[in-house]
Amino acid sequence: MKMWAGRFKKETDERVNSFNSSLPFDCRMYRHDIRGSVAHATMLCKQNIISKEDCEKIINGLNEILIDIEEGLLTFDNGAEDIHMFIEEELTKRIGDAGKRLHTARSRNDQVALDVRLYLEEETKTVIEMVKELIETLCDKAEENYNVIMPGYTHLQRAQPITMGHHLMAYVQMLMRDKERLGEVLERIKVVPLGSCALAGTTYPIDRQLVKELLEFNSVCENSLDGVSDRDFCIELASSLSILMMHLSRLSEEIILWCSWEFKFIELDDSFSTGSSIMPQKKNPDITELIRGKTGRVYGDLNTLLTMMKGLPLAYNKDMQEDKEAIFDAVDTVKECIETFIPMLDTMRTIPENMRRAAAKGFINATDLADYLTKKGVPFRDAYKISGTLVAWCIDNDTVLENVPLEEFKKYSDIFEEDVYDAISLETCVNTRTSEGGPSPDSVLKQIKSVREKLS
Ligand code: ARG
């Protein structure tokens with residue numbers, strides 16, 4: 001028998017029951033639903049809306065339900081429409097009339113909005129901690145490779161010499177912003193919708209501030225229509241998670257390139273790679289490919305939420321039940337990705353010789369050659385042209401700038417002296433790039449120190 005049976009003359013069709021039910025996916029919010037109900041009952045009692053005796057029965061009953069669920073004694077199979085009805089029905093079965101009083105001055109509309117916020121508060125904190133751990137892992141890797149010279153790229157063409165430490169620290173900066181963004185979303189999650197009731201508040205003398213205190217939230221929503229129909233916090237979270245995944249995906253793409261034989265800048269640990277069912281030589285970076293692939297999935301979740309909300313009139317509409325699978329999936333996916341990514345990065349071995357070899361080809365010191373002349377008074381545009389002509393000469397003669405004989409240099413400008421070789425050595429090129437935020441080993445160590453200080 002449905003709770004709304006008074007109004008209806010017919011039983012609900014079986015197909016509607018299963019179509020309508022969110023229990024299979026919202027049951028994961030059972031703890032949060034109970035926590036919200038305990039706060040609500042405490043407030044109702046304090047305001048003399050329910051008796052002390054009923055309140056005690058309710059809270060004890062809810063706590064017992066919680067224990068039974070956690071111990072596997074109570075399973076989600078009573079055919080309830082959602083987790084809220086499941087728990088209320090179970091409570092009433094256990095404690096009778098007091099259970100029927102719990103829903104005074106509340107609706108499932110403000111209840112579900114609260115539950116999702118409580119759930120996401122917890123999950124967002126977890127993701128922030130995981131991002132922090134990922135940042136620490138990358139800082140460690142950057143420290144190990146703070147002076148390892150590698151080519152920096154633009155257009156995936158070798159551009160200028162940098163250090164591996166510098167390259168990794170670029171991702172740390174992205175992740176620091178992700179962490180900050182998630183922290184801001186977390187503050188907006190912690191707003192109490194309870195007390196909005198179905199849409200129009202209530203005539204009972206409720207105390208919403210007390211509920212806020214009990215749940216340790218920041219504030220209460222200031223408009224009851226907005227309180228029950230706002231899912232901005234889900235969208236903001238999915239959006240921050242999408243940006244985070246985009247960063248993981250870019251790093252994954254680089255790792256995929258770096259462990260190909262064409263680069264071989266790194267070697268992934270066997271325990272974090274996979275083989276082929278037919279090609280015996282293969283060692284594949286599946287984890288990073290999956291992260292790249294799952295990024296699209298999280299974007300999809302964001303899109304689901306945005307599209308779900310865009311045409312909804314105020315206030316609650318059942319469309320909004322679809323919020324949960326999308327945001328749960330986004331959070332689950334991100335957690336799964338980071339959890340695997342951290343040990344994969346931690347066990348990844350860099351191959352400095354190969355990076356150094358790649359850096360020695362591709363004329364990545366051509367800018368430094370131009371700068372050498374500029375520092376001796378040649379206007380930069382002229383120096384740029386001389387340097388370019390020398391690169392062309394090297395290509396024709398199958399050599400690199402470091403190996404051009406001094407007589408040849410002098411044909412293009414008599415300003416060239418013996419000291420040019422030191423000026424364009426990759427070590428000099430990297431070590432002297434000491435501008436703030438630059439790739440020199442000193443700068444990398446400074447970046448690592450600054451991040452570690454911010455984290456601690
Ligand atoms: N299961 C619903 C959801 O997830 C709970 C709210 C239902 N409210 C209603 N008036 N039908 O959104």
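Atoms within a ligand are numbered from 1 in the order they appear, just like the ligands themselves. FYI, the numbering just counts along the sequence from 1.
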**Student:** Under the side chain to side chain donor-acceptor pair (under 3.5 Å) rule, what do Asn284 and Thr274 come out as? Steps first, then yes or no, please.
**Tutor:** CA-CA 5 Å; Asn284 297 329; Thr274 48; 4.7 Å; no
**Student:** Tell me the protein heavy atom at minimum distance from atom 7 (C) of ligand 1, and give that distance in Å.
**Tutor:**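 The closest heavy atom on the protein side is Tyr316 OH, 3.5 Å.
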**Student:** Answer yes or no: is there a side-chain heavy-atom contact under 4.5 Å between Trp258 and His167?
**Tutor:**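 Answer yes - side chains close enough.
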**Student:** Answer with yes or no whether the side chains of Ser21 and Glu81 bring together a donor and an acceptor at under 3.5 Å.
**Tutor:**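 No, because no side-chain N or O of Glu81 sits under 3.5 Å from a partner of the opposite role on Ser21.
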**Student:** Just to confirm my output: which protein heavy-atom neighbour is closest to atom 11 (N) of ligand 1, and how far is it?
**Tutor:**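 So the nearest neighbour among protein heavy atoms is Arg108 NH2, 3.7 Å.
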**Student:** Classify the ring geometry of Tyr119 against His32: parallel below 30°, tilted from 30° to 60°, perpendicular beyond 60°.
**Tutor:**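 Perpendicular.
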**Student:** Which protein heavy atom lies closest to atom 5 (C) of ligand 1, and at what distance to 0.1 Å?
**Tutor:**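 Nearest neighbour among protein heavy atoms for atom 5 (C) of ligand 1, to 0.1 Å: Asp82 OD2, 3.4 Å.
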**Student:** Quick check on contacts: which atoms of ligand 1 are under 4.0 angstrom from a heavy atom of Ser22?
**Tutor:**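 This gives 1 (N) as the contact atoms.
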**Student:** Flag Glu81 as yes when one of its N or O atoms lies below 3.5 Å from any N or O atom of ligand 1, and as no otherwise.
**Tutor:**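 Min N/O separation from ligand 1 is not below 3.5 Å for Glu81.
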**Student:** For atom 8 (N) of ligand 1, what's the nearest protein heavy-atom neighbour? Residue, atom name and distance, please.
**Tutor:**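 Its nearest protein heavy-atom neighbour is Asn109 OD1, 3.0 Å.
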**Student:** Nearest to atom 2 (C) of ligand 1, what protein heavy atom do you find, and at what distance?
**Tutor:**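 The answer is Gln321 OE1, 3.2 Å.
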**Student:** Do the ring centers of Phe25 and Phe328 come within less than 6.0 Å of each other?
**Tutor:**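 For Phe25 and Phe328, the ring centres are not under 6.0 Å apart.
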**Student:** Is the positively charged end of Arg158 above the ring of Tyr153, judged by distance under 6.0 angstrom from the centroid and angle within 45° of the axis?
**Tutor:**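 Judged by the rule, Arg158 and Tyr153 form no cation-pi pair.
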**Student:** Can you list the atoms of ligand 1 that are under 4.0 Å from a heavy atom of Lys324?
**Tutor:**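 Contacts of ligand 1 toward Lys324, numbered from 1: 3 (C), 4 (O), 12 (O).
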